[in-house]
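Have a look at the structure below, then the notes.
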Amino acid sequence: MAERHIVIVGGGFTGTAVAIHLARLGDAGLTVTVVEPRSQLARGVAYGTRDPAHRINVPADRMQLSGAEQGDFDRWFRASPAYQTDPDARWHDGKVYPQRGQFGAYIAEQFARAQLHSPVKLHHLCDRGVALEQGTLRTALGKKLQADDVVLAISHPPPALPRAVALALEGHPGLIADPWRHDALTAIAPDERIAIMGSGLSMSDVVATLHRHGHRGPIVAFSRRGLLPRPNLSGPFEPRPLDYQQPQHASARAWLHRIRQEVAAAALQQLPWQLVLDDIRVNGQRLWQQLSLNEQRRFLRHLRPWWDVHRYRIAPQVSAVLQQLQQSGQLTVQAARLAAVTAAGADITLRLQPRSGEAQSLNVDRLIITTGPAHGGLLQSDVLLHQLAATGVIQADPLALGIQVNARSQTERADGSANPHLYVAGPAARARFGELMGLPQVAEHAESVARQLLGLDAERCPA
């Protein structure tokens with residue numbers, strides 16, 4: 001068989017999953033190189049955390065590399081020493097929520113196993129891609145990799161610092177602009193007053209970490225709507241599929257009305273709302289692609305915050321911490337926007353404008369930014385992506401969620417033509433495919449991209 005080289009840029013979960021699927025499905029003669037600067041694969045933003053307070057957000061039996069492996073991670077974890085040393089992972093309904101680093105370790109083990117048993121040659125190059133020209137990827141360390149195909153698996157840029165914060169607090173020791181940086185929170189004293197900008201999953205992780213460190217000072221989390229992630233479903237429930245043959249207008253408003261109807265109907269059956277949202281998530285890519293671009297924009301502008309907090313839920317252990325701190329008064333969540341910020345010595349003063357009423361001043365020792373990755377600036381956040389965009393090889397998608405791709409996950413040039421040998425895997429392709437942030441959908445997309453590259457079952461790729 002002819003020799004072929006596929007290079008994957010980015011070795012977090014997405015890139016590592018693509019490599020594993022290529023190894024499982026490919027034949028001798030294929031070499032796959034994952035270019036990832038971290039020393040270990042599958043240790044991106046989500047699963048690279050070493051904080052024991054950070055747990056996977058869904059039960060372990062819903063985490064897998066493919067639909068055919070349902071429950072494999074759950075079995076792996078229960079058989080591992082970590083299961084015995086982490087009793088808090090076990091919830092009262094029998095489900096387990098391991099520390100997130102455990103899932104990274106599981107995926108890394110699958111990669112190592114594929115290296116041993118696959119006819120495909122798998123390599124991890126501990127380096128960073130900086131330029132791609134005429135099929136040659138140049139790295140930060142000066143290496144040149146000739147590639148037949150390249151997969152961009154770069155998904156999560158750093159958080160964007162609001163301009164007012166950057167102007168007022170640049171260099172200020174009380175500003176924590178990236179809480180995912182290693183040991184970003186360790187210098188916080190137990191009694192310090194803390195404000196957290198953002199109220200989603202990242203905020204929940206920060207509060208869980210502070211609680212584990214024994215923090216006892218006041219914490220104020222604020223966002224425009226003050227919405228907290230909802231808890232996961234606890235207990236045994238069968239899926240509740242919706243009838244998608246029912247006539248349905250393809251608009252954001254119509255689907256909002258439909259979901260409310262379905263939730264009300266489920267309540268009459270004494271079934272939780274999570275079952276409705278779970279079925280929408282499973283069918284989310286197909287539903288998203290039925291919406292026009294204007295309707296997709298309308299969803300992102302008006303409904304996305306509510307979708308996010310109901311779709312991206314938190315582990316019950318973390319939810320319990322939030323409830324405990326709210327009940328004690330240590331944690332307060334406000335629906336407000338940042339109107340102004342000033343600094344006087346070590347003190348930071350925030351001017352918060354609530355959705356109704358007068359603005360209020362808040363004096364704190366630390367301001368932590370947890371507004372999430374700045375996906376709209378993805379192409380400017382990475383040297384390689386910036387080079388490809390500057391030369392017209394790739395372009396941002398019209399929804400500012402990532403990179404413009406076609407139905408085959410191939411990138412599109414600035415003139416709209418496809419790059420047949422340059423693919424995107426993972427969340428950066430979600431403007432095209434919709435639901436591509438939760439792990440099951442990212443895993444499915446990674447397998448689809450691998451099949452596209454190998455010419456297998458191309459019809460399985462979302463269209």
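The first residue in the sequence is number 1, and the count goes up from there.
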#### Entry: Derivation and outcome, side-chain hydrogen bond (donor to acceptor under 3.5 Å, both in side chains), residues Asn406 and Gln410
CA-CA 6 Å; Asn406 63 14; Gln410 296 164 336; 3.0 Å; yes

#### Entry: Check against ring-ring contact (aromatic ring centres under 6.0 Å, His included), Phe103 and Phe73
CA-CA 7 Å; Phe103 188 69; Phe73 172 57; 4.9 Å; yes

### Worked check of side-chain hydrogen bond (donor to acceptor under 3.5 Å, both in side chains) between Thr370 and Ser202
CA-CA 5 Å; Thr370 66; Ser202 296; 5.8 Å; no

### Query
How far apart are the C-alpha atoms of Arg50 and His182, what are their side-chain angles, what is the distance that settles it, and do they pass the side-chain hydrogen bond (donor to acceptor under 3.5 Å, both in side chains) test?
CA-CA 9 Å; Arg50 286 174 275 180; His182 180 56; 3.2 Å; yes

### Task
Report the C-alpha distance between Glu295 and Ser292 in whole Å, list the side-chain angles of each, state the deciding distance to 0.1 Å, and finish with yes or no for side-chain hydrogen bond (donor to acceptor under 3.5 Å, both in side chains).
CA-CA 5 Å; Glu295 285 300 320; Ser292 67; 5.1 Å; no

### Task
Apply side chain to side chain contact (heavy atoms under 4.5 Å, CB included) to the pair Leu456 and His21, showing each step before the final yes or no.
CA-CA 12 Å; Leu456 303 172; His21 284 302; over 6 Å; no

### Task
Under the side chain to side chain contact (heavy atoms under 4.5 Å, CB included) rule, what do Val18 and Tyr423 come out as? Steps first, then yes or no, please.
CA-CA 11 Å; Val18 173; Tyr423 292 74; over 6 Å; no

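Taking the salt bridge (Lys or Arg N to Asp or Glu O under 4.0 Å) definition, one finds that Arg311 meets it with Glu435, sequence neighbours left out.
A heavy-atom distance below 4.5 Å is found between the side chains of Asn419 and Arg413. Side-chain contact check for Pro305 versus Arg224: every heavy-atom pair is 4.5 Å or farther apart. Contact check for Asp51 versus Leu185: no side-chain heavy atoms found under the 4.5 Å cut-off. Side chains of Leu210 and Leu325 form no contact here, defined as non-hydrogen atoms less than 4.5 Å apart. Two residues are said to be in side-chain contact when any heavy atoms from C-beta on lie closer than 4.5 Å; Val309 and Leu228 fail this criterion. With contacts defined as side-chain heavy-atom distances shorter than 4.5 Å, the pair Asp347/Asp365 qualifies. Using a 4.5 Å heavy-atom cutoff, the side chains of Asp74 and Pro59 are not in contact. A 4.5 Å side-chain heavy-atom check between Leu338 and Leu350 finds at least one atom pair inside the cut-off.
In summary, the side chains of His123 and Thr31 do not present any donor paired with an acceptor at a separation below 3.5 Å, with no hydrogens or angles considered.
For Asp149 and Arg4, the salt-bridge test passes: some basic side-chain N is under 4.0 Å from an acidic carboxylate O.
Between the His54 side chain and the Gly101 main chain, no donor and acceptor come within less than 3.5 Å of each other. Checked by atom type and distance alone, the side chain of Thr16 pairs as donor or acceptor with a backbone atom of Gly11 at under 3.5 Å. Remark: side-chain polar atoms of Arg43 are paired, donor with acceptor, to backbone N or O of Gly104 under 3.5 angstrom. Using a distance-only test at 3.5 Å, with no hydrogens or angles considered, a donor-acceptor pair links the side chain of Gln70 to the main chain of Asp61.
Counting heavy-atom neighbours within 6.0 Å of Arg163 CZ, excluding the residue itself, gives a total of 12 or less. Residue-environment remark: CZ (Arg128) stays at or below the threshold of 12 foreign heavy atoms within 6.0 Å. Annotation for Gln380: atom CD counts as buried by contact number, over 12 foreign heavy atoms lying within 6.0 Å. By the neighbour-count criterion of 12 heavy atoms within 6.0 Å, atom CZ of Arg212 is densely surrounded, having more than that number from other residues, nucleotides or ligands. Crowding of Arg253 atom CZ: a count of heavy atoms from other residues, nucleotides or ligands under 6.0 Å not exceeding 12.
The CG atom of Leu378 lies 12.5 Å from the NE2 atom of His386; values are rounded to the nearest 0.5 Å. One finds the CD1 atom of Ile8 at 11.5 Å from the NE2 atom of His124 (value rounded to the nearest 0.5 Å). Here Gln334 contributes atom CD and Ser223 contributes atom OG; the two are 10.0 Å apart, rounded to the nearest 0.5 Å.
Checked options Thr49, Asp205, Asp86; the residue passing with Arg55 is Asp86 (criterion: side-chain hydrogen bond (donor to acceptor under 3.5 Å, both in side chains)).
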